[in-house]
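Both ligands and their constituent atoms are indexed starting at 1 by order of listing. Everything quoted here is computed from the prediction, not taken from an experiment.
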Amino acid sequence: MIILVAIKRVVDYNVRVRPTTDQSGVEISNAKMSMNPFDEIAVEEAIRLKEAGIASEVVVASFGVKQCQETIRTALAMGADRGVHVETEVELQPLAVAKLLKTIVDKEKPGMVILGKQAIDDDANQTGQMLASLLNWGQGTFACNVKVDSDKVIVSREIDGGTQTLSLKLPAVITTDLRLNEPRYAKLPDIMKAKKKPLETLTPEDLDIDVSPRLKILKVSEPPKREAGVMVADVTELLDKLRNEAKVI
Ligand code: AMP
C-alpha cells in the first residue's frame, strides 16, 4: 500500500507573526519557514507504517512556491521515498489543495492519505475533510492512534473530554493530532541521501485544476492588548474589585 502525505511549508512555529501594515495578511517576508508541525507527525506515522511492513512506499506532496521543495527534501530525509511538488505562486486555499491532492490520489492510488489536522498559518482545519468528501472516502480526523487491521484502519480521535475510536474501510483519509507520535529528526547521512530521491514537479495547469482563491480575506488584525494587572492590598480589596469592577462575583 502506498501512503500519500500532504506537507505544507508554513512560517516556523517559533516566529511571532504580525499583520502587514495594510492589514491584508500576515508579514512573512524573511521569516523562517518550516514543515507544518502536524505534517511532520503525518510523515512520521507513514514512515512507521512502512517500517512495520504495512506500507510499501511513502509519497509526500507539497503545493506552493518553489521553496516547498526544501520541505519535501526534509520529509525525504526523515524517510519518505519520493516527492511531488505542484508549483504555483497563487495563495492556495484548502479547496484548491484538496482538488490537487485528489488528482494525485487518482494517479498514485494510495491506500491512505495522511494530512495534518490543520496548517498553523491559516488554521483552516478543512483540507482533509474536503479531500475525503471529494474522494468519497471515510475520514478519521484529529488522530491520536492509528492501527491498520487488514482492509480496515482503526483510528482513535481526540475529542472534547476524551477519545473516540473509529473503524474505517481502506482507503481512507486521516488527519493527525499532536499526540499521535513524536517525529524523528533527520540524520546527516539521510539528509545527503534525500537529495537523490525522486521529486516530480508539476503545475496546476498540468493537472487541469483551477486553484484561484474562492474566499477573500477582508482584514487581519492582532488580538486586543491585555491591560496591565494591578496589585491589591488585601483580600477585602480583591473581593471589592471582583464584585464592583469586574462584576464576576
Ligand atoms: P488546513 O486545512 O489549511 O488547516 O490544512 C490541513 C492540512 O492540509 C495540512 O496540515 C497539510 O497536511 C495539508 N495542506 C494544506 N495546504 C497544503 C499545501 N499547500 N501543500 C500540501 N499540503 C497542504
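- The shortest N or O to N or O distance between Leu115 and ligand 1 is not below 3.5 Å.
- Between Ala119 and ligand 1, a contact under 3.5 Å exists for at least one N or O pair.
- Shown in contact with Asp122 at under 4.0 Å from a heavy atom are these atoms of ligand 1, numbered in order with element: 1 (P), 3 (O), 4 (O).
- Judged purely by atom type and a 3.5 angstrom limit, Thr71 has no side-chain atom pairing as donor or acceptor with the backbone of Met35.
- Of all protein heavy atoms, the one closest to atom 19 (N) of ligand 1 is Phe63 O, 2.9 Å.
- Listed by atom number, the atoms of ligand 1 under 4.0 Å from Ile7 heavy atoms are 20 (N), 21 (C), 22 (N).
- Between Asp123 and ligand 1, no N or O atom pair is found at a separation short of 3.5 Å.
- For Ala61, every heavy-atom contact with ligand 1 shorter than 4.0 Å involves the backbone, none the side chain.
- Between Val60 and Ala80, the shortest heavy-atom distance links the atoms CG1-CB, 3.7 Å.
- Ile154 and Ile3 are not part of a single hydrophobic cluster, where members link through side-chain heavy atoms under 4.5 Å apart.
- Side-chain contact, Asp206 with Thr203: a donor N or O sits under 3.5 Å from an acceptor N or O.
- Residue Asn30 places its CG atom among 12 or fewer non-hydrogen atoms of other residues, nucleotides or ligands, all under 6.0 Å distant.
- Ligand 1 places these atoms under 4.0 Å from at least one heavy atom of Asn125: 1 (P), 2 (O), 4 (O).
- When only non-hydrogen protein atoms are considered, atom 10 (O) of ligand 1 lies nearest to Asp39 OD1, 2.5 Å.
- Residue contacts with ligand 1 leave out Gly128, since none of its heavy atoms falls under 4.0 Å from the ligand.
- Residues in residues 34-43 take part in these side chain to side chain donor-acceptor pair (under 3.5 Å) pairs, two or more places apart or across chains: Asp12-Ser34, Asn36-Asp39.
- The protein heavy-atom contact nearest to atom 23 (C) of ligand 1 is Val97 CG1, 3.7 Å.
- Nearest heavy-atom pair across Phe38 and Thr176 is O-OG1, 2.8 Å.
- For atom 16 (N) of ligand 1, the nearest protein heavy atom (residue, atom name, distance) is Lys8 CD, 3.3 Å.
- Ligand-side atoms of ligand 1 in range of Gln126: 2 (O), range being under 4.0 angstrom from any heavy atom.
- Residue-ligand proximity, Ala6 to ligand 1, at heavy-atom distances under 4.0 Å covers atoms 11 (C), 12 (O), 13 (C), 22 (N).
- Follow the hydrophobic side-chain contacts under 4.5 Å out from Ile54 and you reach Val58 in the same cluster.
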Margin query: As a quick check of understanding, evaluate salt bridge (charged side-chain N to carboxylate O under 4.0 Å, His left out) for Arg184 and Asp190, giving each step before the final call.
Written below: CA-CA 12 Å; Arg184 69 194 67 190; Asp190 295 329; over 6 Å; no
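- Residue pairs meeting the side chain to side chain donor-acceptor pair (under 3.5 Å) criterion with at least one member in residues 75-86, sequence neighbours excluded, are Lys50-Asp81, Glu57-Arg82, Gln69-His85, Arg82-Glu108.
- Considering only non-hydrogen protein atoms, atom 8 (O) of ligand 1 sits nearest to Thr127 CB, 3.3 Å.
- Of all atoms in ligand 1, numbered sequentially from 1 with element shown, those under 4.0 Å from a heavy atom of Asn36 are 9 (C), 10 (O).
- The only member of Leu166, Thr175, Thr163 that meets side chain to side chain contact (heavy atoms under 4.5 Å, CB included) when paired with Arg157 is Leu166.
- Listed by number with element, the atoms of ligand 1 under 4.0 angstrom from any heavy atom of Ala124 are 1 (P), 2 (O), 3 (O), 4 (O).
- Here the protein heavy atom with the shortest distance to atom 6 (C) of ligand 1 is Gly116 O, 3.5 Å.
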